[in-house]
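Written out below as structure tokens is the structure these notes cover.
What you see is a predicted model, and the numbers here were worked out from it, not measured in a lab.
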2 protein chains.
Amino acid sequence: MNQLFDRLQNELKKKNINLSYQRLKVLEYLTQNQCHPTVEQIYTDLEKEISTLSKTTVYNTLKKMVSEGLVRIITIEDNETRYDINTHDHGHFKCEICKNIFDFDINMDLVLTKGLERFKILDRNVYFKGICPGCLSNSK
Amino acid sequence: MNQLFDRLQNELKKKNINLSYQRLKVLEYLTQNQCHPTVEQIYTDLEKEISTLSKTTVYNTLKKMVSEGLVRIITIEDNETRYDINTHDHGHFKCEICKNIFDFDINMDLVLTKGLERFKILDRNVYFKGICPGCLSNSK
DNA sequence: ATCTATCGTGTAATAATTACAAAGTTGTAA
DNA sequence: TTACAACTTTGTAATTATTACACGATAGAT
């Protein structure tokens, strides 16, 4: 399949994680839908294909992948946890009208961290909110 | 009382929001406890003083203040909404060991936003996770 | 003093997530 | 192949945070 997916499979093998059918499907879904889906979205879509799928399995799989560093949690809104398989540093922009989330490049090293010299930084997150070009032009 | 608090009172007057005793206490709490408390923390502490306080009131007050721009929601962990009365741009660092949240200065204008030229940015958030100096030295 | 709009309170409802136990699956070693 | 142990999946029940709602209380305007 695609590059990202091969890489994931390798990493899983290295970490001795079985790639069960359900896990495969969740990872495949995240790979093909890099729109930062919620558990609900993942479950609803996959359940069409795997009728026996349990939502708990989706939660379990995601928790595992997050703890292994293959998937990243995106927390923008307090009431919805989203998941992102693209773990390289990038920012997120959430449109307050259409609710879509857009990725954007960011150089985290340029983010000045005055006052954090003695802190050990393990994870950096940047997210903006506003209105996307599409919704901007619609509202004119 | 202090400057920030006077400013809040003025802004409320301008916006025609009554400063009821409960609202006053919530704002006072946020002013004196700039540790980004959760609703639970605010409620538990204030309830000692105001025995009739309802958690719904805390939620209502915070929602009102957020919508008026006097208080800002901090979303770092997906399962806990935190509130911050300090609305000038700054970053947040959450220690993964002691769970405390530290503020740090940040110049948002320096955060390069390649690819966002046509987006209208209304809100910028930066948060890091890692280990704070105190927990670092404890673990040695 | 009365009216009206706003506010606070408690309970019930909703939604997201986790805990748990039982059943199923896989890999390994005899 | 069989047996065993470890791991997965599943469904249900429990937990937690948040919201909805209805009713009583309050404050300001007339």
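In this structure, CG of A:Leu46 is placed 11 Å from P of D:dT10, rounded to the nearest angstrom. In this structure, the CG atom of B:Leu62 is 12 Å from the P atom of C:dG8, given to the nearest Å. Following rounding to the nearest Å, B:Met65 (CE) and C:dC7 (P) show an atom-to-atom distance of 9 Å. Per the geometry, CD belonging to A:Glu77 stands 17 Å off P belonging to C:dA15, to the nearest Å. The CG atom of A:Asn79 sits 9 Å away from the P atom of C:dT17 (whole-angstrom rounding). Nucleotide C:dG10 holds its P atom 11 Å from the CD atom of B:Gln22, rounded to whole Å. Following rounding to the nearest Å, A:Tyr43 (OH) and D:dT9 (P) show an atom-to-atom distance of 14 Å. Between the CG atom of A:Leu53 and the C1' atom of D:dT12 there is a distance of 16 Å, given to the nearest Å.
The only option from A:Asn60, A:Leu62, A:Thr61 that meets the side-chain contact (heavy atoms from CB on, under 4.5 Å) definition with A:Val58 turns out to be A:Leu62.
Here A:Thr81 lies in heavy-atom contact (under 4.0 Å) with sugar-phosphate atoms only.
Side-chain atoms of B:Lys63 lie closest to D:dT19 of the nucleotides C:dT9, D:dT19, C:dT18. Comparing D:dT9, D:dG11, C:dT17 by their closest approach to the side chain of A:Thr56 singles out D:dG11. Minimum atom distance to the side chain of B:Tyr59 is reached by D:dT18, of the listed D:dT9, D:dT18, C:dT17.
Listed pair B:Ser20 / C:dG8 meets the phosphate criterion, a side-chain N or O lying under 4.0 Å from OP1 or OP2.
Here A:Glu80 does not pair with A:Lys99 in a salt bridge; the nearest charged N to carboxylate O distance is not below 4.0 Å. Salt bridge status for A:Glu96 with B:Lys120: absent, with no side-chain N to carboxylate O gap under 4.0 Å.
Nearest-nucleotide assignment on DNA chain D puts the 5′-proximal partner with B:Glu40, out of B:Glu40 and B:Asn60.
The side-chain hydrogen bond (donor to acceptor under 3.5 Å, both in side chains) check on B:Glu49 picks up B:Lys25, with sequence neighbours excluded.
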